[in-house]
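Step one of this worksheet: look at the structure below.
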Amino acid sequence: MSQPTSATGRSEPPRYNFRETEAKWQKAWEAAATFKATADQSRPKYYVLEMFPYPSGRIHMGHVRNYTQGDVVARYRRAKGFNVLHPMGWDAFGLPAENAAMEKKVHPKTWTYQNIEAMKAQLKVMGLSLDWSREVATCDPAYYRHQQKMFLDFWKAGLAYRKEAWVNWDPVDNTVLANEQVIDGKGWRTGATVERRKLAQWNLKITHFADELLKRLDTMDRWPEKVRLMQANWIGKSEGARVFFELTGAGVEPGETLEIFTTRPDTLFGASFMAVSPDHPLATRLARHDPALADFIADCRRTGTSAAEIETAEKKGYRTAVSVKHVVKPGETLPVYVANFVLMDYGTGAIFGCPAGDQRDLDFARKYGLPVIPVVLPPGESPADFVIRDVAYVDDGTLYNSGFLNGLPVADAKRSIIRHLEENGVGKGTVQYKLRDWLVSRQRYWGCPIPAIHCESCGVVPVPAQDLPVTLPDDVEFDTPGNPLDRHPTWKHVACPSCGKPARRETDTFDTFIDSSWYFDRFTSARCTTAPFDRAEHEYWMPVDQYIGGVEHAILHLLYSRFWTRAMRTVDLADRDEPFAGLFTQGMVCHETYRAADGSWLFPDEVKHGEDGAVVRASDATPVSVGRSEKMSKSKKNVVDPDQIIRDYGADTARWFMLSDSPPERDLEWTEAGVAGAWRFQQRLYRMLGGAIAGLPPAGAARPPAFSDAATALRRAAHRAIIGVGEDVERFHFNKGVARLYELANAIEAFKPTTDADRWALRETLDIFVRLIGPMTPHLGEELWQMLGGQGLLADASWPTPETALLADDEVTVAIQVNGKLRATIRLAKDTAKDAAEAAALALPETQRAMAGKPAKKVVVVPNRIVNIVV
RNA sequence: GCCCCUGUGGCGGAAUGGUAGACGCGGCAGACUCAAAAUCUGUUGCCCGCAAGGGCGUGUUGGUUCGAGUCCGACCAGGGGCACCA
């Protein structure tokens with residue numbers, strides 16, 4: 001491929017020098033503080049936000065795509081007259097900094113701030129319309145002191161609590177993970193198999209808002225359906241009943257009950273056993289006098305939690321010495337098992353088994369020879385013939401073998417049995433959620449310290465507000481695994497704020513998802529020292545009107561942020577219910593993968609594409625196998641460095657390519673040819689404008705009274721593009737907006753002005769064109785704007801207003817079909833009467849030929865669209 | 001296993017139930033050039049045909065409709081989410 005910046009030939013027009021030009025306009029924007037946002041009640045606000053990056057040290061193409069999309073929206077909204085807030089910051093706490101400390105002997109703080117500086121420089125050359133005066137880094141005590149204060153407020157309000165619990169322990173990172181961070185039984189970051197440990201941990205009571213978090217999803221119409229669905233599934237609401245069974249047998253207190261949760265109380269008459277989790281208190285108690293049960297429980301704990309293990313794990317149970325009395329069949333008892341498939345942390349950790357109505361229960365019953373009593377008769381079956389074999393019947397039907405429920409459909413039977421249970425005091429209808437509380441303790445150094453103190457006499461006490469922030473000590477060592485805070489010689493020793501006796505600081509730090517649960521609130525007044533944010537500013541700017549980021553945060557980050565917003569409302573810090581009014585999830589950036597003959601991965605710039613289509617290694621011309629396009633990742637080396645692309649082609653080319661071709665929600669295939677095409681278009685526009693500008697009337701010249709047909713057609717194209725591109729940007733159809741701009745550029749180039757009126761029309765069209773392209777390629781836009789003699793900066797120019805008269809057609813193309821097949825098209829005056837359109841269609845020779853002399857049975861006329869003749 | 005999304009030229013992708021393939025990439029032919037690059041012009045879904053023209057085409061298969069890429073049913077393929085949640 002050609003070097004885009006190679007020397008030009010003698011007689012060629014000057015090339016667009018993006019390097020100088022991009023730097024020039026970046027300086028101009030900075031000097032004019034163009035993107036600095038100030039709250040202004042008299043203007044409508046628009047808050048655009050892209051998910052802030054972790055400061056890994058270098059931006060990647062995913063960032064480029066994300067920030068380009070946000071920048072187009074931000075610049076477009078500015079042009080439309082909105083007061084735009086478009087800030088940027090750093091999700092700066094987290095494990096990679098500690099790993100770097102261990103590997104490279106550099107302090108996490110030093111490493112992080114160096115990375116921030118490097119990435120900031122990279123973002124600056126992208127030409128983003130960011131208000132850097134609001135920059136925040138979550139590792140800054142000026143940021144996290146407010147986080148600590150909010151935590152104390154939440155604690156006081158009962159939204160934060162400590163609980164001893166079985167936790168997911170990542171043996172590589174030596175830390176606890178939230179349930180959401182365990183994927184297929186592996187740590188989300190390390191991929192290590194998660195172990196179970198019992199520890200006292202801090203939790204945030206997200207379950208308190210379970211129902212509200214679920215219900216509000218329905219009203220969030222500017223969120224992708226997919227994300228709302230994922231969150232709804234995650235919250236996992238199910239309605240059912242709790243039922244209390246009286247226990248009998250050795251070691252049971254008189255009147256003691258076993259409480260179970262079920263979504264199918266209607267099948268109670270089909271119960272044939274009870275099962276409790278190996279972690280259930282009853283199991284633990286019975287195991288004390290039953291060594292075989294103790295062995296069984298230990299065995300269950302050894303079984304891993306990975307998907308594969310669960311998939312293949314056999315249903316196993318242990319028949320305990322106790323039974324329960326059947327709640328609806330007086331005189332009958334049911335055996336109580338401890339079963340490996342019953343989860344302790346869902347419902348009550350105990351179930352009743354109805355083998356006929358649940359596949360797991362059926363498998364279990366077959367294995368242990370328990371009765372299978374069918375209680376729901378499928379439609380069209382007769383009670384005498386219907387039998388359950390290997391498949392449980394879980395669908396709707398009519399109840400039978402079920403006493404007073406007989407003859408009822410499932411829904412009615414549920415209502416009836418719940419009423420019965422409640423009247424007899426042996427159960428009640430309840431709602432159950434899958435959502436668990438958010439475990440936020442992490443045994444790490446590089447995170448926000450949890451502001452709590454452990455005192456032997458007073459228990460766990462909050463750090464007094466005036467002592468905040470609790471800052472991290474700088475003098476820490478990373479040569480041994482575990483938490484450096486815990487090992488620090490002095491940091492954790494402190495006097496108890498309540499009794500003054502020696503006490504010890506909490507050495508756990510917060511999950512970094514807390515840091516990102518309110519950074520968008522902080523941006524509304526990032527330098528506020530007295531509170532997390534100024535309430536009036538917050539009130540003005542929030543909610544975020546358009547949030548943009550990866551779908552991988554569909555659950556964790558977005559759900560936590562929705563929780564945090566509600567928690568702040570609870571402690572009267574803010575009034576909002578939802579933080580993000582609009583959400584857009586962008587697709588990944590992908591690239592082909594390359595492998596050398598020895599199987600090792602190759603970077604795209606290590607391979608050469610030959611004339612004959614063969615792909616070889618650049619260094620030695622050995623063959624390379626080309627793999628399918630996948631998400632860019634360091635491990636497969638299919639990465640392209642944004643820095644290099646911007647250096648070779650400029651930021652506008654990178655931006656334009658990111659926006660063209662692929663719809664933004666889909667994956668984007670990064671190709672050299674595509675980039676080259678984007679580059680050529682930048683050059684073409686520069687040439688086009690340079691060539692057209694000479695001889696045009698000055699900006700602001702009086703509009704001529706009349707235009708030629710060609711000029712009118714051009715003006716029509718331009719004015720329609722104003723509406724079209726605007727709608728495309730608002731709907732995130734950037735690729736369509738790009739296509740429209742190509743079309744307008746094509747129309748401009750095809751237009752050859754011959755009169756003054758033509759030249760006026762051409763200037764008008766160029767002016768419109770430059771304003772429309774500004775949000776996408778802002779540097780080139782400014783340069784063209786200046787060439788056109790535009791006033792001030794294009795970044796401050798308004799989106800053009802179309803002339804209504806030019807938006808309507810006076811002639812339309814109408815398709816003529818015979819029996820639904822296209823035979824011709826004709827031009828008709830707009831809104832031609834139906835019978836006139838029909839007559840025109842029938843008169844056409846193409847129509848006559850296709851009708852082959854047969855009479856028209858029926859003619860369908862859709863005005864301005866189509867005439868369909870049925871013969 | 002359950003839930004969701006997506007299948008359109010060589011490729012990325014356009015199409016309020018109304019002209020399928022906009023726009024771009026790539027290809028082909030030509031102009032400019034000593035030559036190339038760059039640039040410009042034309043052309044480009046497939047098949048038959050010198051042409052005029054005709055036929056076929058949106059994963060497969062049924063249906064609704066004057067008319068289906070679009071709506072409905074079944075199936076196939078790819079992707080994503082959840083997963084012993086009672």
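Chain naming here is simple, since letters A, B, ... match the order of the sequence lines and numbering starts at 1 in each.
Here A:Thr262 lies in heavy-atom contact (under 4.0 Å) with sugar-phosphate atoms only. Nucleic acid contact for A:Val342: base, since at least one base atom lies under 4.0 Å from a heavy atom of the residue. Base engagement by A:Ile351 is indicated by at least one non-hydrogen atom pair under 4.0 Å involving a base atom. Counting any heavy atom pair closer than 4.0 Å across all strands shown, A:Phe261 reaches a base atom. Here A:Thr671 lies out of heavy-atom contact (under 4.0 Å) with every strand. Contact annotation for A:Val870: backbone-only contact, meaning every heavy-atom pair under 4.0 Å involves sugar-phosphate atoms and none involves a base. Contact annotation for A:Arg264: backbone-only contact, meaning every heavy-atom pair under 4.0 Å involves sugar-phosphate atoms and none involves a base. Counting any heavy atom pair closer than 4.0 Å across all strands shown, A:Glu669 reaches no nucleic acid atom. Residue A:Asn819 is out of contact with every strand shown, counting any heavy-atom pair closer than 4.0 Å. Looking at heavy-atom distances under 4.0 Å, A:Arg823 makes contact with sugar-phosphate atoms alone, never a base. Residue contacts for A:Lys821: at a heavy-atom cut-off of 4.0 Å it reaches the sugar-phosphate backbone alone, with no base atom in range.
Separation of the C1' atoms belonging to B:rA15 and B:rA22 is 8 Å when rounded to the nearest angstrom. With both ends at atom P, the span from B:rA52 to B:rU43 equals 14 Å, rounded to whole Å. B:rA51 and B:rG13 have their P atoms separated by 34 Å, given to the nearest Å. Comparing the P positions of B:rC71 and B:rG7 gives a spacing of 10 Å, expressed to the nearest Å. A gap of 42 Å separates the P atoms of B:rA29 and B:rA77, to the nearest Å. B:rG10 sits 31 Å from B:rC4 when the C1' atoms are compared, rounded to a whole Å. Spacing between B:rG67 and B:rC40 at atom P, rounded to whole Å, works out to 46 Å. To the nearest whole angstrom, the two C1' atoms, one in B:rG59 and one in B:rU6, are 11 Å apart.
Nucleotide B:rA38 is matched to nothing when pairs are restricted to Watson-Crick or G-U wobble geometry with both distances under 3.5 angstrom. In a base pair of the Watson-Crick type (N1 to N3 plus N6-O4 or O6-N4) or a G-U wobble (N1-O2 and O6-N3), with each distance short of 3.5 Å, B:rG78 is matched with B:rC5. B:rG45: Watson-Crick or G-U partner is B:rC56, with both key distances under 3.5 Å. Figure legend. B:rC11 is base-paired to B:rG24; pairs are counted as Watson-Crick or G-U wobble with both atom distances under 3.5 Å.
Below the 3.5 angstrom threshold, one finds no donor paired with an acceptor across the side chain of A:Lys736 and the base of B:rC23.
Separating the CD atom of A:Glu552 from the P atom of B:rC82 is a distance of 12 Å, rounded to the nearest angstrom.
Using bins of under 30°, 30° to 60° and over 60° for the plane-to-plane angle, the ring pair A:Trp670/A:Phe657 lands in the perpendicular bin.
Inter-residue side-chain proximity for A:Arg228 and A:Glu225 is flagged as met; some heavy-atom pair is nearer than 4.5 Å. Residues A:Ile816 and A:Glu846 form no side-chain contact, since every pair of their non-hydrogen atoms from C-beta on lies 4.5 Å or further apart.
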> What's the verdict on side-chain hydrogen bond (donor to acceptor under 3.5 Å, both in side chains) for A:Asp437 and A:Thr207, showing C-alpha distance, side-chain angles and the deciding distance?
Replying inline: CA-CA 6 Å; A:Asp437 277 338; A:Thr207 54; 2.7 Å; yes
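When the nucleotides B:rA38, B:rG67, B:rG81 are ranked by their closest atom to the side chain of A:Asn868, B:rG67 comes out on top.
Checked against a 6.0 Å centroid threshold, the rings of A:Phe273 and A:Tyr368 do not count as neighbours.
Taking 4.0 Å as the cut-off between side-chain N and carboxylate O, A:Asp809 and A:Arg827 do not count as a salt-bridged pair.
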